Amino acid sequence: MEGPERKAAFIYSPKLQEYSYPQECPFNTGRAGKVRSTLRSMGILTNGDQAREFEPETADRKFLEKIHSPRYLDALMDAAIGKHGFDSLQMGIGGPDCPVFKDIYLYPAMACGASLKGVELLLAGEVDLAFNPSGGFHHAGPELAAGFCYMNDVALACFVLAEHGKRVLYLDVDVHHGDGIQEIFYERDDVMTISLHESGKTLFPGTGFTDEIGRGRGEGYSVNVPFIPGTYDDVYLYAFKETVLPLIGAYNPDVIVFELGADTLVGDPLAHLKLTNNAYVDIIEDLVTFNKPLLMTGGGGYNVENTVRAWSLAWSVLSGTDSFLQDLNIGLGGVFMESTDWHGGLRDREVPVSDQEKAVIISEVHEVVEDVKKKIFSYHGI
C-alpha cells in the first residue's frame, strides 16, 4: 500500500456538527467539520478510489460495553437528561474538565462509531488507512470521565481489532499522556501502547513516566516517552525514531491505531511543547512505510486554527494527496505560516529555539530515550 496505491477513508458525519460541549469548555467539537471544509475547499477530501469519505453510525451499546460498564453508560444517559448526582460525580461526570451537557452521551457514542467504522473498513480490506478526526478520547476509563473524554473510542478500536485476532500497536502523540487506554491494556500483550507526551511533572494527567511499563502478561508492552516543556521538532523526532520505530519493527503489529492530538503544537493554550505540524508529516511518512493497516484519529488541540490545519495536512499525507498540495504551494509562491498566526497554506514554519534551550532539552530527551531503551527494549529482543 505504498504511495498512490494505498486507499484512505475520511470518516465523518454531519450529525457530529449537531453536538457541542458547553461554550466555556476548551474542547471544540467543530474541528472535524472545519477539517472537512478545508479539505473540500482545497480539492483533496476525496480522489477516486484513493481517498473516499464514509459516514459512521452511532456506536451500539453492545460495543460500548466492551470498554465501559453498564452502570457508567447509564450515568451518562441520565446526565444528558439532567439526572446527575453524587454517584456520577464520583465517576468524573460533572467534574471541572468533564461538564454535564445534553450531548454528553450522543457525541462520544458517535465518535466511537466513527472509529469503529474505521476498524470495519480496515478489517474488510476496503481501505488501508482511515482517519476519524472526531476521535482520540484516550483519557476515559471503564467507569471514568476525564480530560474532556467520556467514552474511549481508541481503546474500543484496539479492543475490537484484538478480538479479531490482530496484534495492535497503539501510538499516541497527544501532548497529554494516554492514561485511560494504558490502564485498559496494562496487563495485555496483544495491544502495545506507546505514548509520547509532555511530562506528567508539568501537565495533566500527571502520569506517563518511563517506569510505567505494564504488568503481568503486559509487562514491557506499555511504553512512555515524556518530554520537558519547550521540546521542539528535531529532538522530538529523534526520540520517536530511536524508540518508536524499533519497537514497531520488533513487535510487528497487524494494525496500527494512531492518536494524533494537535496540542503538541507551539501556541496551544493548554500545553508547553513547541512542535510544528511538519513533525507530524515525518511521523506519518515513517508509519506508512511499515505497510500496516492504520487507523488515525484526532485528539487534543485547543488552538482550533492550528489543529484544523495540522489535521488537514495529516490527511493529505495519509491519503497521498500531498503531492497536489506541493504543487499548490508552488503556485501560491510557497506561502507558509507561523503556528500561531495563519497566513495561508498548511505547513508551519520552523520554530526558533535558542542554543541554550536546545542544550537543556537535548540533554533531558537523550536521558529519557536511554531510559526507555533500558526498561523496554530487552522485552522485545532489541
Side-chain angles (χ1 to χ4, degrees), residues 21 23-35 37-39 42 97 133-134 136 138-139 147-148 172-178 195-205 225-240 259-284 296-317 325 329 332 334-358 360-361 364-365:
Y21 281 47
Q23 188 173 0
E24 64 274 13
C25 183
F27 191 89
N28 187 311
T29 59
R31 297 171 305 165
K34 291 178 183 293
V35 171
S37 296
T38 298
L39 295 171
M42 300 183 78
D97 57 340
S134 300
H138 58 171
H139 294 304
F148 313 133
D172 190 323
V173 299
D174 193 286
V175 80
H176 301 94
H177 174 232
S195 180
L196 284 69
H197 49 267
E198 183 176 334
S199 173
K201 294 178 181 179
T202 56
L203 195 67
F204 173 90
V225 186
F227 295 96
I228 65 169
T231 296
Y232 55 97
D233 285 4
D234 287 350
V235 72
Y236 186 97
L237 289 170
Y238 160 79
F240 172 79
E259 199 267 29
L260 182 61
D263 40 11
T264 59
L265 297 175
V266 62
D268 191 276
L270 299 188
H272 316 98
L273 300 192
K274 289 186 176 181
L275 267 62
T276 73
N277 61 27
N278 300 293
Y280 296 161
V281 172
D282 283 10
I283 289 170
I284 293 169
M296 182 170 78
T297 72
Y302 307 97
N303 181 313
V304 173
E305 287 186 349
N306 288 354
T307 300
V308 169
R309 193 170 65 256
W311 289 348
S312 298
L313 179 62
W315 167 254
S316 76
V317 177
L325 280 185
N329 280 332
L332 291 172
V335 176
F336 298 102
M337 71 306 255
E338 303 285 356
S339 281
T340 53
D341 188 13
W342 186 14
H343 298 297
L346 290 179
R347 279 184 177 261
D348 295 338
R349 283 191 183 135
E350 183 179 346
V351 174
V353 183
S354 71
D355 290 342
Q356 185 177 2
E357 287 177 301
K358 285 182 178 180
V360 173
I361 294 166
E364 290 279 352
V365 172

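Because the structure is predicted, anything quoted here is derived from the model rather than measured.
- For His177, the ring-ring contact (aromatic ring centres under 6.0 Å, His included) criterion is met by His197, not counting sequence neighbours.
- Qualifying side chain to side chain contact (heavy atoms under 4.5 Å, CB included) partners for Asp234, counting only residues two or more places apart in sequence or in other chains: Tyr232.
- Under the side-chain hydrogen bond (donor to acceptor under 3.5 Å, both in side chains) criterion, Thr264 pairs with Tyr280, sequence neighbours left out.
- Ala314 approaches Ile284 most closely through the heavy-atom pair CB-CD1, 3.6 Å.
- Contacts classified as salt bridge (charged side-chain N to carboxylate O under 4.0 Å, His left out) and involving residues 269-279 (residues at least two apart or in different chains) are given here: Lys274-Glu357.
- Judged as a side-chain hydrogen bond (donor to acceptor under 3.5 Å, both in side chains), and not counting sequence neighbours, the contacts of Thr202 are Glu198.
- Residues satisfying the ring-ring contact (aromatic ring centres under 6.0 Å, His included) criterion with Phe27, sequence neighbours excluded, are Tyr21, Phe137.
- Listed by chain and number, the residues in a side chain to side chain contact (heavy atoms under 4.5 Å, CB included) with Leu237 are Ala279, Asp282, Ile283 (sequence neighbours excluded).
- Residues satisfying the side-chain hydrogen bond (donor to acceptor under 3.5 Å, both in side chains) criterion with Asn278, sequence neighbours excluded, are Thr276, Arg347.
- Proximity of Ile228 to Ser199: side-chain heavy atoms (C-beta onward) are nowhere separated by under 4.5 Å.
- Remark: Phe204 engages His139 in a ring-ring contact (aromatic ring centres under 6.0 Å, His included) (not counting sequence neighbours).
- Asn306 has its side chain out of reach of Asp268: every pair of non-hydrogen atoms, C-beta onward, lies at least 4.5 Å apart.
- Under the rule for a side-chain hydrogen bond (donor to acceptor under 3.5 Å, both in side chains), the partners of His176 that lie at least two apart in sequence or sit in another chain are Asp174, Asp263.
- By the 4.5 Å heavy-atom criterion applied to side chains, Leu275 and Val173 are not counted as neighbours.
- Side-chain contact check for Leu265 versus Asn303: every heavy-atom pair is 4.5 Å or farther apart.
- Of all non-hydrogen atoms in Ser312 and Leu39, the two that sit nearest each other are O-CD2, 3.7 Å.
- Tyr236 meets the ring-ring contact (aromatic ring centres under 6.0 Å, His included) test with Phe227; sequence neighbours excluded.
- Within the 3.5 Å criterion, the main-chain N or O of Gly299 finds a donor-acceptor partner in the side chain of Arg31.
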